[in-house]
Amino acid sequence: MQHWLMKTEPDTFGIDDLARVKVEPWTGVRNYQARNFMRDQMKVGDRVLFYHSNATPPGVAGLAVVKRTGVVDATQFEPSSPYYDPGSKRDDPRWICVDVEFVEKLPRLIALDELRANPALDGMVLLQKGSRLSVQPVSAAHYKAVLAMAKKAAPKAKAAR
DNA sequence: GCCAACGTTGGC
DNA sequence: GCCAACGTTGGC
């Protein structure tokens, strides 16, 4: 089983939205590397860190699981969609995604700052400079380390001096 | 709103 | 196939 991190903007679709709908097709990814991870490597049952980007603060908000693979992203054929791709053919769709299922909302958000400060997460794709991939692999050790952080209280803010 | 980093497009 | 111009991502 592999582990992943998937980014989403909570203003558009966050962990509370996933909790409500339970299962969501991960449409709208238009980056080939991200698509390839979903299309070629994700397996049903893979665990997912659900990450809030463009948020205050950004961070890991919850957990999800891959429910179904080989899902054709319907938005590529919808001319009114911002994700419409006129170059994609119905009999050979370019954008394949997965269904993501809600597992849990973490007891607290693990902020990006806190992730960066944890030496156990050195090398995590998310933390690499310039990393923008919205679907990315996470090692089992890094996944575990994030879960461990969720169980502990948030570190206190540094006192002003 | 800014901007660094990265990806894509298209002329040549 | 190169690469400049442009668009997007996402933290700040």
Side-chain angles (χ1 to χ4, degrees), chain A residues 2-19 21 24-42 46-64 66 71-90 92-100 102 105-139 142-143 145-150 152 154-161:
Chain A
Q2 284 188 268
H3 302 80
W4 306 93
L5 180 145
M6 297 171 91
K7 293 181 187 172
T8 177
E9 304 199 6
D11 289 350
T12 307
F13 189 90
I15 190 69
D16 292 329
D17 298 298
L18 188 63
V21 302
E24 177 75 3
W26 212 247
T27 58
V29 171
R30 293 294 179 270
N31 171 284
Y32 287 103
Q33 210 181 340
R35 178 207 65 182
N36 292 348
F37 283 133
M38 289 197 288
R39 187 189 63 182
D40 305 334
Q41 291 192 239
M42 278 192 184
D46 280 0
R47 295 285 164 160
V48 176
L49 297 175
F50 197 89
Y51 180 87
H52 283 177
S53 61
N54 264 318
T56 315
V60 176
L63 305 179
V66 176
V71 177
V72 175
D73 181 338
T75 62
Q76 68 194 303
F77 300 121
E78 295 166 6
S80 62
S81 168
Y83 303 116
Y84 178 57
D85 181 356
S88 183
K89 302 185 197 113
R90 291 219 176 242
D92 184 21
R94 182 176 290 166
W95 304 107
I96 302 295
C97 63
V98 299
D99 282 354
V100 170
F102 178 75
K105 181 176 179 176
L106 292 181
R108 66 188 189 84
L109 183 116
I110 315 300
L112 180 59
D113 280 355
E114 211 183 319
L115 297 170
R116 282 194 203 288
N118 185 348
L121 298 180
D122 282 358
M124 197 174 174
V125 175
L126 179 75
L127 306 182
Q128 284 163 15
K129 189 177 177 181
S131 170
R132 297 188 320 190
L133 258 187
S134 64
V135 176
Q136 53 182 256
V138 172
S139 74
H142 287 165
Y143 184 87
V146 173
L147 291 198
M149 293 170 80
K152 292 182 191 162
K156 284 184 184 168
K158 293 227 169 73
R161 49 180 85 205

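Per chain, numbering begins at 1; letters A, B, ... match sequence-line order. These numbers come from the heavy atoms of this one structure, side chains and all, not from hydrogens, waters or symmetry mates.
- One can place CD of A:Gln136 at 14 Å from C1' of B:dC6, the figure rounded to the nearest angstrom.
- Between A:Asn31 atom CG and C:dG7 atom P the separation is 18 Å, expressed in whole Å.
- Summary of the strand contacts: A:Gly130 and A:Asn54 both lie near DNA chain B, and taking for each the nucleotide with the nearest heavy atom, the more 5' one is attributed to A:Asn54.
- Here A:Tyr83 does not reach the OP1 or OP2 of C:dT8: none of its side-chain N or O atoms lies under 4.0 Å away.
- Following rounding to the nearest Å, A:Leu126 (CG) and C:dT9 (P) show an atom-to-atom distance of 16 Å.
- A:Phe50 has its ring centre less than 6.0 Å from the ring centre of A:Trp26.
- For A:His52 and C:dC12, the NE2 to P distance is 17 Å, given to the nearest whole Å.
- Look at CG on A:Leu133: it is 11 Å from C1' on B:dG7, rounded to the nearest Å.
- Atom-to-atom, OH of A:Tyr51 to P of C:dG11 comes out at 4 Å; the value is rounded to the nearest Å.
- Looking only at distances, a side-chain donor or acceptor of A:His142 sits under 3.5 Å from a matching main-chain atom of A:Asp122.
- Contact annotation: side chain of A:Arg132 to base of C:dT8, donor-acceptor pair present below 3.5 Å.
- At least one side-chain nitrogen or oxygen of A:Lys7 sits closer than 4.0 Å to the OP1 or OP2 atom of C:dG10.
- As rounded to whole Å, 13 Å separates atom P of C:dG11 from atom CG of A:Asp11.
- A distance below 6.0 Å separates the ring centres of A:Tyr32 and A:Trp95.
- A side-chain N or O of A:Ser88 and one of A:Gln76 form a donor-acceptor pair less than 3.5 Å apart.
- For B:dA4, neither phosphate oxygen OP1 nor OP2 lies less than 4.0 angstrom from any side-chain nitrogen or oxygen of A:Lys129.
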